[in-house]
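Residue numbers begin at 1 in each chain, while the letters A, B, ... track the order of the sequences. Only this structure's heavy atoms are used, side chains among them; waters, hydrogens and symmetry mates stay out.
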There are 2 protein chains.
Amino acid sequence: MTNLIAGLRAEGRRLTRPRKAILDVLEKSKYPLSAADVHARLKREQVAVDLVTVYRTLAVLKKLGLIAQVELGEGQFRYESRHGREHHHHIRCRGCGRIADLMLCPLKKLTALVERETRFTVEEHSLEFFGWCPKCQ
Amino acid sequence: MTNLIAGLRAEGRRLTRPRKAILDVLEKSKYPLSAADVHARLKREQVAVDLVTVYRTLAVLKKLGLIAQVELGEGQFRYESRHGREHHHHIRCRGCGRIADLMLCPLKKLTALVERETRFTVEEHSLEFFGWCPKCQ
DNA sequence: CTCTTAATTGCAACTTGTTTGCATTTACCA
DNA sequence: TGGTAAATGCAAACAAGTTGCAATTAAGAG
Ligand SMILES: [Mn+2]
Ligand SMILES: [Mn+2]
Ligand SMILES: [Zn+2]
Ligand SMILES: [Zn+2]
């Protein structure tokens, strides 16, 4: 939360109820949430925030580096708090959609290799697995 | 093309002009194309096919395993032919959108590790890099 | 604490990517 | 050469995300 205040101030932005509430929802979640998910949880908590504001806030929090955008082949984005969490990846069940964290990232060496081969500068990568969770097998 | 005929027949489906043309467009492309890209190229080649048919055909070709669906953080799907190409991944430039193939996949061992840790059965994975191409750096 | 003002919000409308319903057309086999 | 189920085109619907604008509000100045 202190990161939020500092980050916002540094850009001349304001600390508002929706911003606090949305970051809070993401910090409490054990898996990444879509904008619609966030909106639904806010409603459940009696916090009246428009879905448009959720989208705009997610963009702000992402720019501040407080949340990460995750894509799991669903045709939509998900977001998760980065607070106190290492860079990591996910696995998603093809049956029930369950998402689990993978606390690993073996790609440091590979990134260097890619940069040498392609002459691109690598800024980010995404590594996701898809399969069947124990219940759905 | 012989794969297409065999695959379609095996499911009681038919070989049609749109299906041939769409697979052909994908086989000629050096990078993965969106449905709209495919549609535009068909038009350029005087092949009149509705965009809806492109979407439906991409779904069929994907189910037959002839093409792969690729996601590069754009909010849309791309598709590429699998004919004669190894399983591989991509790098996409944040500046101009240029996409290059990465002919590597160092994830066999990792997959086994993930399966052991999570108890999921891994069926597929996605590994993509994002950065800046030589022209955009 | 009150005032001022630019940042933020909500609402409606819009855009883009993708899917669905249905009547018409067509590939394929008897 | 039909008969028939599969495939197509067109219009409409849907879903995620974005934009314009008037109303609201956080926060610094006094
Ligand atoms: Mn996670
Ligand atoms: Mn490729
Ligand atoms: Zn990683
Ligand atoms: Zn791979």
Looking only at side-chain N and O atoms, does R14(A) come under 4.0 Å of OP1 or OP2 in dT25(D)?
no
Taking NE2 from H39(B) and P from dT8(D), how many angstroms apart are they, rounded to a whole number?
13 Å
If you find the nucleotide of DNA chain C closest to V52(B) and the one closest to G12(A), which residue's nucleotide is nearer the 5' end?
G12(A)
Would you say T16(B) reaches dT8(D)'s phosphate, i.e. side-chain N/O to OP1/OP2 under 4.0 Å?
yes
Does R56(B) reach a base, just sugar-phosphate, or nothing at all? Heavy atoms under 4.0 Å.
base
Check every strand shown and say whether A48(A) touches a base, only sugar-phosphate, or nothing at a heavy-atom separation below 4.0 Å.
sugar-phosphate
In this structure, how many angstroms lie between the P atom of dT18(C) and the CZ atom of F77(B), rounded?
7 Å
Are D37(B) and R78(B) ion-paired here, with the side-chain N under 4.0 Å from a carboxylate O?
yes
Interatomic distance, E71(B) CD vs dG17(C) P [rounded to whole Å]:
14 Å
Is there a donor-acceptor pair closer than 3.5 Å between any side-chain N or O of D50(B) and the backbone N or O of V52(B)?
yes
I need the CZ-P distance between R9(B) and dA7(D), as an integer number of Å.
13 Å
Presence of T53(B) side-chain N/O under 4.0 Å of dT8(D) phosphate oxygens OP1/OP2
no
Rounded to the nearest Å, what distance is computed from the CG atom of residue L58(B) to the C1' atom of nucleotide dA7(D)?
15 Å
Can you confirm whether the side chains of H89(B) and H125(A) place a donor and an acceptor under 3.5 Å from each other?
no
L51(B) CG - dT8(D) C1' separation (whole Å):
13 Å
Could you tell me whether E128(B) and R92(B) have a side-chain N and a carboxylate O separated by less than 4.0 Å?
no
Report the distance from atom CG of L15(A) to atom C1' of dT8(C), rounded to the nearest whole Å.
12 Å
note: E74(A), atom CD; dA16(D), atom P; distance rounded to Å ~ 10 Å
Does Y55(B) place a side-chain N or O at less than 4.0 Å from the phosphate oxygens OP1/OP2 of dT19(C)?
no
